[in-house]
J.: 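Sharing a structure here in structure tokens format.
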Number of protein chains: 2
Amino acid sequence: MGLREVKRERTRRLIADKAFELFNDNGFGRTTVEQIAAAAEVGPSTLYRYFPTKETLVLEFVEDCLGDAVSWFREQPELELTAGLQAVIERVLEQLETNPGRVRAVFDMAAQTASVSAHLNELIWRFRTDLADELVLRLPADNRAEFTGALAAGIAMNIIETVVRVWVDTPDTTDARSLARQAMSLLRTGGIPLPAATYRVSDNSGYDS
Amino acid sequence: MGLREVKRERTRRLIADKAFELFNDNGFGRTTVEQIAAAAEVGPSTLYRYFPTKETLVLEFVEDCLGDAVSWFREQPELELTAGLQAVIERVLEQLETNPGRVRAVFDMAAQTASVSAHLNELIWRFRTDLADELVLRLPADNRAEFTGALAAGIAMNIIETVVRVWVDTPDTTDARSLARQAMSLLRTGGIPLPAATYRVSDNSGYDS
DNA sequence: CAGCCATATGGTAGTCACTACCAAATTCCT
DNA sequence: AGGAATTTGGTAGTGACTACCATATGGCTG
């Protein structure tokens, strides 16, 4: 709308970009928030108003990709579940493929900085929960709907996560979405070993099968 | 062996117990490390030698449950994959059922404290990675082994996670392991909607199916 | 038992992420 | 142009966590 919001968006971008630059040059752990603020020519106080934690400076892009896919899915209530799940998966991957360098840098930082890894897992968990909630609404409302939805969302997230981990290592030779489709057909054709209820782990427990 | 290790284990337990007590009484965020150290009658310095972060004071139990299950699995190389996966799942749940109050408290803290949730997700991720590595060793060594192993480990972890979340809310009326078996048979019988490669998410991408 | 070595402990000083708060500057609206 | 709302930067502080060192304690040897 007004000049205010434009300027706000501009400084937001400026801070995020300078932060990313410093992280890449010196590493996440060896970059202080004060340095970032100084590089963006704002006070630390202002920086914290835009980004509540240091980790959000790194992970905002991933968060947006996941968030967009979920809200897109919410707006497609007529979609068949299986097709919808595929579409969500592909949508996330499509968004991530927009900026492979960024994704790779994020995963590198996560690999060597515990707090970044933790925050990333947190985002993933949130995506999974949101997706599960939406799935439950579309499942037949029996007493297992919530359970089923959680499992389905977990599998979808699992595919995304696994595909991305492969893809970030070889972004040039790998097509994330076709890899995802391989995962889907592996799942559907029994190419993945699934746990089977054929083994008793301990006989001295009070549990009866 | 000697008196030294006995004493070390004793103070370790003492610190963890006092910490858990304080967390339950005052909440995780409103308990400082100095308070815990004072309650356990040790210096903060000593506390940090035993527990590198405040979160490990909460999550050590869960970490042990997951770690034990993985190392148990590593020692059973002859086990069929499907049976092995089930056994790992049941073993984790069995261990967690040892102390339902603790598990519940951990999940409560995770629900209201971001850093605990993050650290918990971190543990889960580590379990998944370790399990995947072990699975890869047992899969036929084609170029998809790593991929397949990661997906299988993710599904196993997904079952555990989903079951535990249901179980912690109703620990008295729910049997975690039988719930897990329900999840397994749902998966095997197609009771879970899986993503299917039947939908084109966008036609303007350079991707051809 | 005395003495020595390895280890465990507690304290000090400091860094850094993050919060609460306030006064000054900037933008928007009339 | 003037006042209201909002954005900003600075100050002071909390608390997790680290590096370091002097002291104390348990374990072993002569």
Side-chain angles (χ1 to χ4, degrees), chain A residues 1-16 18-20 22-23 25-60 109-110 112-120 122-123, chain B residues 1-20 22-23 25-60 109-110 112-120 122:
Chain A
M1 293 184 173
L3 175 59
R4 222 168 224 167
E5 316 215 348
V6 173
K7 211 175 170 187
R8 213 165 49 195
E9 223 45 45
R10 193 157 14 133
T11 48
R12 184 186 185 82
R13 278 272 168 85
L14 181 64
I15 293 171
K18 289 288 180 187
F20 204 72
L22 287 168
F23 290 155
D25 290 351
N26 313 333
F28 183 83
R30 277 180 299 280
T31 306
T32 71
V33 173
E34 283 188 30
Q35 286 170 17
I36 300 166
E41 290 169 323
V42 295
S45 215
T46 303
L47 187 150
Y48 276 111
R49 233 169 251 120
Y50 285 97
F51 301 94
T53 70
K54 197 180 165 189
E55 283 78 27
T56 55
L57 283 162
V58 180
L59 293 169
E60 199 181 39
M109 281 182 215
Q112 69 190 89
T113 306
S115 70
V116 177
S117 168
H119 200 90
L120 176 59
E122 180 71 17
L123 292 184
Chain B
M1 293 184 174
L3 175 60
R4 219 165 223 167
E5 315 215 350
V6 173
K7 209 174 170 186
R8 211 163 53 195
E9 223 43 49
R10 191 152 19 126
T11 47
R12 185 185 184 82
R13 278 274 168 85
L14 180 65
I15 293 170
D17 289 345
K18 289 289 181 187
F20 203 73
L22 286 168
F23 289 155
D25 290 351
N26 312 334
F28 183 84
R30 275 180 300 280
T31 306
T32 72
V33 174
E34 284 189 28
Q35 286 169 17
I36 300 167
E41 290 168 322
V42 295
S45 216
T46 304
L47 188 150
Y48 275 112
R49 235 171 249 118
Y50 285 98
F51 301 94
T53 70
K54 197 179 164 189
E55 285 78 25
T56 54
L57 283 162
V58 180
L59 293 169
E60 199 181 40
M109 282 182 215
Q112 69 190 82
T113 305
S115 70
V116 177
S117 167
H119 201 90
L120 175 60
E122 181 72 16

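Keep in mind it's a predicted model, so treat the numbers as computed, not measured. Proteins get letters first, then strands, A, B, ... in listed order; numbering begins at 1 in each. FYI, side chains are in, hydrogens and waters are out, and symmetry mates aren't considered; it's all heavy atoms of this structure.
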J.: I'd like to check the side-chain contact (heavy atoms from CB on, under 4.5 Å) partners of A:Ala39; sequence neighbours left out, ordered by chain and number.
T.: A:Lys18, A:Leu22
J.: Does A:Arg49 have any salt bridge (charged side-chain N to carboxylate O under 4.0 Å, His left out) partners at least two apart in sequence or in another chain, and if so, which?
T.: none
J.: Between B:Arg10 (CZ) and C:dT9 (P), how many Å, whole number?
T.: 11 Å
J.: Any chance you could list the contact pattern along nucleotides 24-30 of chain C? Use B for base contacts, S for sugar-phosphate-only contacts and - for none, protein heavy atoms under 4.0 Å, 5' to 3'.
T.: --SBS--
J.: Among residues at least two apart in sequence or on other chains, which ones pass side-chain hydrogen bond (donor to acceptor under 3.5 Å, both in side chains) with A:Thr113?
T.: none
J.: According to salt bridge (charged side-chain N to carboxylate O under 4.0 Å, His left out), who are the partners of A:Glu55, at least two apart in sequence or on a separate chain?
T.: none
J.: Which residues pass the side-chain hydrogen bond (donor to acceptor under 3.5 Å, both in side chains) test with B:Thr46, sequence neighbours left out?
T.: none
J.: Quick one: list whatever passes side-chain hydrogen bond (donor to acceptor under 3.5 Å, both in side chains) with B:Arg12, sequence neighbours left out.
T.: B:Glu60
J.: Listed in order of residue number, which residues of residues 28-42 of chain A have a non-hydrogen atom at under 4.0 Å from DNA chain C?
T.: A:Thr31, A:Thr32, A:Val33
J.: B:Glu34: what forms a side-chain contact (heavy atoms from CB on, under 4.5 Å) with it, not counting sequence neighbours?
T.: B:Thr32, B:Pro44
J.: State the CZ-CD1 distance between A:Phe51 and A:Ile15, to the nearest 0.5 angstrom.
T.: 6.0 Å
J.: Going by heavy atoms closer than 4.0 Å, what residues in residues 44-54 of chain B are next to DNA chain C?
T.: B:Ser45, B:Thr46, B:Arg49, B:Tyr50
J.: Report the residues that fulfil ring-ring contact (aromatic ring centres under 6.0 Å, His included) with B:Phe20, sequence neighbours left out, ordered by chain and then residue number.
T.: none
J.: State, yes or no, whether a side-chain contact exists between B:Val116 and B:Lys54 at a heavy-atom distance under 4.5 Å.
T.: no
J.: Nearest whole Å is fine: how far is D:dT7 C1' from A:Leu14 CG?
T.: 16 Å
